[in-house]
Amino acid sequence: MPATMDIVRLQDHLQRSGSTWSIPHGVAANVVIPQRRLGAVAPATAKKAGEVPKLQLDRVLNYVPRNPFLVERRIANKILPPGAAIARPTSATPLTGGQPGTGPREAIRPTPPMAAGAGRAAAVDWRTRWGWNWITTVQDQDPCESCWAFCATGVVESMVRIEHCVWSKRSEGDVHDGMGAKCANGGWHTTALDWIKTHGICDPACYPYKTDDSPYAPTPDRGGRTLKIDGYTELGDVEQQKVWLDSVGPIACTFEVWHDFDVYGAVGTGVYRKANTPDNFSRGLHCVMIVGYDDQRQAWLIKNSWGAHWHQDGYAWIGYGEVRIEDWAKPGVHNVNPDPWTKRRLHSGAMVESGSGATHRNFELVATGPHGTVQHWWRQGGEGNDFSWHRGASFGNDCATYPTLTGTTYNRNFEMVFLTTGRRLHHWFLDQASGHWADGGVFGPNDAAGVPAFLQGNYGAPGNFEVVVRTADGRLNHWWRMNGPPWTWHDGGRFGGNIAFGGASLVQSNYGTQGNLELVAVLQSGQMQHFWRDDDHGGVWHAGAMFGGGISSSPCMIEGQFGAANENAIANFELCVAAGGQVQHWWRNNGAGMQWLHSATFGHNIATVVALLEGSFGFNLEVVVLRTDNRLQHYWRDGGGWHEGAIIA
Amino acid sequence: MEHIQLHVGQEMVLTLPGRGTAGYTWTYETAGDTAVVSVTLGGAPPAQQSPTPKSGSLPETATLRGLTNGHVVLRLRFGRSWDAAAKATEVREYDVVVTK
């Protein structure tokens, strides 16, 4: 096989070899399928620190990040001018009744403690910065020489968390094996980042880390589930490395492992400084992440890749200038572009945050238009403080309610399902390769009645589509499509009863090994009811708690990031629903109690909530409502509470 | 078990694969007349150190020196010494005889 291969050549190869593998529809013909040894050539050595000139960081980082903590730190370090705070399209005055909810799990982010102009922080620790953890769990390269892949992957993961406020575990095996490396091969973090720049990096379910040198074989939908980076910035100046750690995020480094490092790892405390004794000897060069520093300790805080049992939960302090840790330039990454699979639990309803735009945080909204059409809208990600909404394509002729939109692993396509005027369901998708919306066909029951819930789940790769819609008999009907030939939809059966409104309220949570399906519907009594499907035990739907009252519209629900201490934790559910002309925000603390709690009521003249998402704007919740005058309006919640945003259309 | 014959005062260097950057180290124990040989763990001989290094482990060594007449069993263990729960991934045993 050639070193690189597109879909057409891969199809031909599979056909000739008699393979039963299939290529999913919706993948553009020119999408490059990664193969082993894609030509990434390891440099003889990484750049020495002295070979890298001092950078003008205000030019490298010439945009306003949307994590408000970063904004403050970049102002403090004079990377951004004073006053470069986030501007939002309307008043930042919190709405009446829009105060954040109570309880530790619902706590809105703490107020940034630093005053602008304070200069570089004397100490940084991204494990606990501003009361939050920004670092994925400690991994273990055991027994391979793959530290370079682990630290590059870890840096990218942390930058997704910092810049987009979402956990995103990436696969060290993807970059390691994708480069054709063997278990015994050393390497450089910059070589790994070069490969990620060209090919992206996928999640472990697409291709895991393995140690047996088996062939590299990611899932066929890899192209749609890779996180992308534009490149990396090499920092040679130690002071600039600290400024980067303070105002951007973790960096990668190389140092020399000496014999006494094992002793320190086992029983040492404090800061590691090499013993200058005759029996000490060098055992090789090691790449790790630096996740902080402390000028008082005179040390870097490293995240090792030897498992959480090593030293202090996998972390250690290495003294400044020790073991050649400042010999080589240290690469950092910024402006990462997460994939839709990473964000799959963070949106429901008619809007997603896509990877489009210069900083990869555009909003994409689909709404009903005249004569049964669907209208695509999109919003700038705030570059240059531009939050304007723009009209996209219009298509279709049988749309009866607001569509439910998601981003999928089909080449990052947008896919939607809506109720038709003929009481069925219609699937459309935006083919990212062509930029055109395509008709995916009509399916579903003959008596669908309401806004459908729709997501891509994790059964298979590309994952199945799962739809739940209320039917005219007051029940909920589950439909699913296996995303392989012949791509037919299947009736998964009906459940529940006395349902008045379904909605875009389906989440595949990370409960269980497979991930349960979770859904909230509105009963004819006006109460809401939580349903869940136990996917580890037969996939049976169960009726859960009832809560609220007086509801007469469709809810939207997500599993956000509040309450998730790391990438493996189960985060809170967040739900917004219209009642009495206002929006009610509910949440369930999935860390303790699992009770549904009413957090806030806000807004005015609201008929229904059509979208809810948690995006890249500092863990804010973003809501789009349909007003009683049939106009669309944006609301959002930040640390100050709920705010009224722009009228979109 | 390999056999090693040493004279008193004679040295032998065993070159061992390294995996230091994955957290592995060599440790040793002796059984029998432990005074007959000294064992020193060390780094790779200069000839085996890469002139243009990249991240990755260097070979390591165990240097044996005969001290006095006798017989000892040397056991070299390769594992993560800082992880009490981890088992050795490799064990090498040598039957060492030291003579005048």
Side-chain angles (χ1 to χ4, degrees), chain A residues 42-46 140-152 181 183-192 211 252-268 278-288 304-311 314 324 327-328, chain B residues 11-30 34 37-65 67 74-92:
Chain A
T45 185
D140 195 345
Q141 65 190 79
D142 187 26
C144 300
E145 304 271 13
S146 49
C147 54
W148 48 278
F150 276 76
C151 74
C183 183
N185 295 152
W188 287 109
H189 39 47
T190 45
T191 312
T211 61
C253 77
T254 304
F255 69 96
E256 198 167 23
V257 173
W258 285 71
H259 185 55
D260 64 347
F261 194 63
D262 274 332
V263 179
Y264 170 77
V267 297
D279 60 344
N280 204 3
F281 58 92
S282 173
R283 306 177 63 219
L285 296 179
H286 188 36
C287 293
V288 295
N304 203 351
S305 50
W306 295 354
H309 293 303
W310 180 78
H311 199 56
R324 302 175 70 191
D327 275 20
W328 290 274
Chain B
E11 276 191 357
M12 171 178 277
V13 178
L14 301 173
T15 300
L16 305 165
R19 219 184 291 160
T21 67
Y24 283 77
T25 191
W26 288 95
T27 56
Y28 73 92
E29 60 187 24
T30 51
T34 58
V37 69
S38 70
V39 181
T40 305
L41 299 173
Q48 294 187 34
Q49 293 188 3
S50 170
T52 54
K54 58 183 178 180
S55 77
S57 303
L58 296 170
E60 298 180 21
T61 59
T63 302
L64 282 55
R65 181 179 177 83
L67 298 178
L74 169 66
R75 185 174 292 115
L76 292 166
R77 291 177 177 273
F78 195 42
R80 287 176 149 180
S81 60
W82 42 266
D83 188 350
K87 294 178 180 176
T89 58
E90 185 178 348
V91 177
R92 297 185 179 191

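Chain identifiers are assigned alphabetically (A, B, ...) following the order of the sequence lines, protein sequences preceding nucleic acid strands; residue numbering begins at 1 within each chain.
Closest approach of B:Ser81 to A:Asp262, counting heavy atoms only: OG-CB, 4.1 Å.
In this pair, A:Trp310 and B:Trp82 present their aromatic rings perpendicular. The plane angle is above 60°, beyond the 30 to 60° band.
Note on A:Thr254, A:Val267, A:Asn280, A:Asp142: by heavy-atom pairs under 4.5 Å with chain B, the leading option is A:Asp142. Heavy-atom pairs under 4.5 Å with chain B were tallied for A:Cys147, A:Gly265, A:Ala266, A:Pro143; the largest tally goes to A:Pro143.
Here B:Leu58 contributes atom CG and A:Leu285 contributes atom CG; the two are 7.0 Å apart, rounded to the nearest 0.5 Å. The CZ atom of A:Phe261 lies 12.5 Å from the OG1 atom of B:Thr25; values are rounded to the nearest 0.5 Å.
Using a 4.5 Å cut-off between heavy atoms, A:His259 touches chain B through its side chain atoms alone. When heavy atoms are compared at a cutoff of 4.5 Å, A:Cys287 approaches chain B by way of both its backbone and its side chain.
Looking at B:Ser55, its side chain does come within 3.5 Å of a backbone N or O of A:Gly187 through a donor-acceptor pair.
Using modelled atom types, one finds a donor on one side chain and an acceptor on the other under 3.5 Å when comparing B:Thr21 with A:Glu145.
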